[in-house]
Amino acid sequence: MRLTSTGCKCPKCQDSGWEIVEENGSSYARECSCGIRKREVLGRKLKFANIPDAFKEVRLENFRRDVYRREDSKVIIEKDCKAIDWWLDDIASMKEQGMGLYLYSSTKGSGKTRMAASIANELIYNKGMSVKFATSVQILNEIKASWKQEEGMTEHQLLDDLSRAEILVIDDFGIERIKDWIEEKLYHIINSRYINRTITIFTSNLPIDGLEYDVRITNRIKERSFPLVFPNESVRDYIAEANFSRLKEVMAS
Ligand SMILES: Nc1ncnc2c1ncn2[C@@H]1O[C@H](COP(=O)(O)OP(=O)(O)OP(=O)(O)O)[C@@H](O)[C@H]1O
Ligand SMILES: [Mg+2]
Ligand SMILES: [Zn+2]
């Protein structure tokens, strides 16, 4: 896009996002059709979401079902995708009820984080929602760090942010070594979200009943999430195998 003489890209709004419209002798401001405001809002949402770089580009459309080799896995992932489509189609009523998702499988590398990030991107890009993505270890480390630092967010602000986020994705839930303070903080976040009926999406290697947290935490999660078991097959292993084959080809040539 060419810049105007004032150095702005948009001649109508000078990149402010608002254009002044004169009508019947009076003037008012309306959102400029160049879309700068929408791009700014999207940019802020993406920054806030903090989706890991490796999963920034993943989308539901490029979540592959053919990577699973076992028949039982193909059946499981087919059902999961159907359930996720249904949940997304009905997101307005899920939001009213505060119904989230709990993606789990004991096998590591089966696509849970990739799916959670794909859902997060769908919610941000196509449903205009605000999402916060974090691993539970990240959340707990940030809380711990807030105790020491003089600057930055206080523990209170952090907990408040996590409690209020429109959609919160907690990746790798249930791997922390349980300590009283950890349960207390997680309870604070999960109970606030329960009371406010806000949606939380979890990924975990454990089923809800297998989590070692206090039942006050687990039964709130149980009431407000649809559990989706993921295949017990590691796509990560297949990626590693493919990489190794490429290496062997190079070495043999
Ligand atoms: N269905 C899929 N289509 C394409 N790539 C996939 C799919 N599932 C997983 N992958 C890729 O496999 C790797 C492992 O996936 P992911 O990290 O989502 O697994 P996970 O179930 O979250 O594992 P963990 O239990 O260790 O957290 C990633 O590189 C991911 O992009
Ligand atoms: Mg994961
Ligand atoms: Zn403009």
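Atoms within each ligand, like the ligands themselves, are counted from 1 in listed order.
The shortest N/O to N/O separation between V235 and ligand 1 does not fall below 3.5 Å. Between K112 and ligand 1, at least one pair of N/O atoms sits closer than 3.5 Å. The shortest N/O to N/O separation between S105 and ligand 1 does not fall below 3.5 Å.
The ligand atoms of ligand 1 that sit less than 4.0 angstrom from a heavy atom of N205 are 25 (O). Within ligand 1, counting atoms from 1 as listed, the ones closer than 4.0 Å to a heavy atom of D172 are 27 (O). Shown in contact with R64 at under 4.0 Å from a heavy atom are these atoms of ligand 1, numbered in order with element: 1 (N), 2 (C), 3 (N). Close contacts between ligand 1 and F63 involve ligand atoms 1 (N) [criterion: under 4.0 Å to a heavy atom]. Applying the 4.0 Å criterion to heavy atoms of F55 picks out, from ligand 1, the atoms 17 (O), 31 (O). Near G111, the atoms of ligand 1 lying under 4.0 angstrom from a non-hydrogen atom of the residue are 8 (N), 9 (C), 15 (O), 16 (P), 18 (O), 19 (O), 20 (P), 21 (O).
Annotation: atom 18 (O) of ligand 1 to nearest protein heavy atom, R114 N, 2.8 Å.
Between Y28 and E22, the side chains place no donor N or O within less than 3.5 Å of an acceptor N or O (distance only, hydrogens not considered). In the model, N50 has no side-chain atom that pairs as donor or acceptor with a side-chain atom of K132 under 3.5 Å.
Checked for salt-bridge contact, R216 and E183 miss the test: no charged N lies under 4.0 Å from a carboxylate O. Under 4.0 Å is where a charged nitrogen must lie from a carboxylate oxygen, and between D171 and K112 no such pair does.
Among the backbone and side-chain atoms of T203, none of the N, O or S atoms lies under 2.8 Å from the Mg ion (ligand 2).
Of the heavy atoms in V58, none comes closer than 4.0 Å to ligand 1. At a heavy-atom cutoff of 4.0 Å, ligand 1 is contacted by the side chain of V67 but not by its backbone.
With distances taken over non-hydrogen atoms, the option nearest atom 23 (O) of ligand 1 out of A240, G109, S204, A117 is G109.
Contact between Y68 and ligand 1 is present, with at least one heavy atom of the residue lying under 4.0 Å from the ligand.
A cation-pi contact, defined as under 6.0 Å to the ring centre and within 45° of the axis, links R59 to Y125.
Distance alone, capped at 3.5 Å, places no donor-acceptor pair between the E184 side chain and the W181 backbone.
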Evaluate the criterion side chain to side chain contact (heavy atoms under 4.5 Å, CB included) for residue pair I124 and I51; output intermediate values, then yes/no. CA-CA 11 Å; I124 297 169; I51 294 175; 4.1 Å; yes

